[in-house]
Amino acid sequence: MQTGIEIEPLEPLPEDWERALCVVAHPDDMEFGGAAAVARWTAQGKQVAYCMVTSGEAGIDGMAPDECRVVREAEQVESARIVGVPEVEFLHQPDGILEYGVPLRREIAAVVRRYRPEIVVTSNFRDTWGGVNLNQADHVATGRAVVDAVRDAGNRWIFTEQLVDGLEPWGGVRAVWAFGSPQATHAVDITDTFDLGVQSLEAHRAYIDGLGWEHWDGREFLEGFSRPVGQRMGVAFGAPFEVFPMGWGG
Ligand SMILES: [Zn+2]
């Protein structure tokens, strides 16, 4: 249909890979835009693991961090299970006050070296979600640390203390993909796995209740941003990704 409005098309992401590692700041980050894509990939037989930099323990106003941490880790494990992800690692860094820097890169590089993924996924780490909707500080710190840690992981002279008991450098990451980026050039068709994405988000029940957003509906929310993305790739629902190539000459 000719709408008269130029919409910029989004390229489908490549699917010729076997292992992905998703590194995000908080439980619930994957579910606000990435989980349905993960469900598609695991349905194709790919292996996907999650790594949470924090446990989101500062995320519920009415619940103290020590209790909140336990609740949110359990919700994240269930949420991952729904989209075919059996493994969730928690790095237990401090929620809300993450700092970009060498210590964070070290933590993430260790996970990349152990898991040896071809693709690393993180959430949008641009300053905004588009327009003046500011991104959150932990997301920005995490994403910047992820792209650097992927390079660190491949260099045997960086974080040498990790290279014991047979652990080797890993330079096999082809790209970092950041979902939800306002500068997305690619997308994943999530039409068939959209419902799993919704279920995966709804698994964060205590968190969603804790937000206290009246009449908020996870399905409606996800539809609201998946539909325009889908339009840009000619499908019902899509998830947008910005692509950062990590290999040389790739
Ligand atoms: Zn978050």
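Just so we're clear, the structure is a prediction, and the values are computed from it rather than from any experiment.
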Joint hydrophobic cluster, F159 plus L104, side-chain heavy atoms closer than 4.5 Å: no
Flag, side chain of N135 to backbone of N124, donor-acceptor distance under 3.5 Å: yes
Residue pair A203 / I82: nearest heavy atoms and the distance that separates them: CB-CD1, 4.1 Å
Mutual orientation of the aromatic rings belonging to W41 and F241 [parallel < 30°, tilted 30-60°, perpendicular > 60°]: tilted
D192, CG: over 12 other non-hydrogen atoms inside 6.0 angstrom: no
Rounded distance (nearest 0.5 Å) linking atom NE2 of H139 with atom CG of D29: 3.5 Å
Salt bridge (Lys or Arg N to Asp or Glu O under 4.0 Å) contacts touching residues 131-148 (sequence neighbours left out): none
Test item: V146 and F244 side chains (from C-beta on) under 4.5 Å apart, heavy atoms: no
Closest approach of M233 to L10 (non-hydrogen atoms, all atoms of both residues): CB-O, 3.8 Å
Short side-chain to backbone donor-acceptor contact, S79 and S200, under 3.5 Å: yes
Point-to-point distance, once rounded to the nearest 0.5 Å, from CH2 of W129 to CD of Q136: 9.5 Å
Residue R156 excluded, over 12 heavy atoms near CZ under 6.0 Å: no
C51 side chain reached by L21 side chain, heavy atoms, under 4.5 Å: yes
D16 atom CG, neighbour heavy-atom count above 12 within 6.0 Å: yes
Any donor-acceptor N/O pair, T42 side chain to A39 backbone, under 3.5 Å: yes
Derivation and outcome, side-chain contact (heavy atoms from CB on, under 4.5 Å), residues V243 and E11: CA-CA 11 Å; V243 171; E11 287 277 310; over 6 Å; no
Heavy-atom closest contact (L163 atom, P169 atom, distance): CD2-N, 3.7 Å
V23/V111 under side-chain contact (heavy atoms from CB on, under 4.5 Å): CA gap, chis, key distance, verdict: CA-CA 9 Å; V23 183; V111 182; 5.5 Å; no
Residue pair E220 / H215, side-chain donor-acceptor N/O under 3.5 Å: no
Transitive ILVMFWY side-chain link F32 to V77, under 4.5 Å: yes
Ring geometry between W216 and F221 (parallel below 30°, tilted from 30 to 60°, perpendicular above 60°): tilted
Residues E161 and R106 bridged, charged N to O under 4.0 Å: yes
Between CZ on residue R219 and CZ on residue F194, distance to nearest 0.5 Å: 6.0 Å
L98 to A25 - nearest heavy-atom pair and separation: CD1-CB, 4.2 Å
Donor-acceptor contact below 3.5 Å, side chain E75 vs main chain A206: yes
Heavy-atom pair with the smallest gap, counting every atom of A184 and P240: CB-CB, 3.7 Å
Aromatic plane relationship, F90 with H92 - under 30° parallel, 30 to 60° tilted, over 60° perpendicular: parallel
Same apolar cluster: V120 and V140, side chain cutoff 4.5 Å: no
Any side-chain heavy-atom pair of C22 and V48 under 4.5 Å: yes
Rounded distance (nearest 0.5 Å) linking atom OG1 of T122 with atom CD of E242: 11.5 Å
Cluster link V112 to V88, ILVMFWY, side chain under 4.5 Å: no
Residues D95 and H26: side-chain donor-acceptor under 3.5 angstrom: yes
Any donor-acceptor N/O pair, W170 side chain to R114 backbone, under 3.5 Å: no
Pairwise side-chain contact, W213 with I208, heavy-atom cut-off 4.5 Å (strictly under): no
Atom pair CD (E73) and SG (C68), whose distance is rounded to the nearest 0.5 Å: 10.0 Å
Atom CG of N133: over 12 foreign heavy atoms under 6.0 Å: yes
Same apolar cluster: I158 and Y100, side chain cutoff 4.5 Å: no
Expected output: side-chain S55 to main-chain E57 donor-acceptor under 3.5 Å: no
Nearest atoms (heavy-atom pairs only) where P14 meets W17: O-NE1, 2.9 Å
Side chain proximity check, E15 to K46, heavy atoms < 4.5 angstrom: yes
Flag, side chain of T191 to backbone of F237, donor-acceptor distance under 3.5 Å: yes
Residue pair L91 / M52, side-chain heavy-atom distance below 4.5 Å: no
Backbone N/O of I190 and side chain of R40: donor-acceptor pair under 3.5 Å: no
Sidechain-backbone polar pair: Q76 side chain, D28 backbone, donor-acceptor under 3.5 Å: yes
T54 side-chain N/O to Q93 backbone N/O, donor-acceptor pair under 3.5 Å: no
Neighbour count above 12 (heavy atom, 6.0 Å) for E99 CD: no
Heavy-atom side-chain proximity of V24 to F179 below 4.5 angstrom: yes
Rounded distance (nearest 0.5 Å) linking atom CZ of R232 with atom NE2 of H186: 12.0 Å
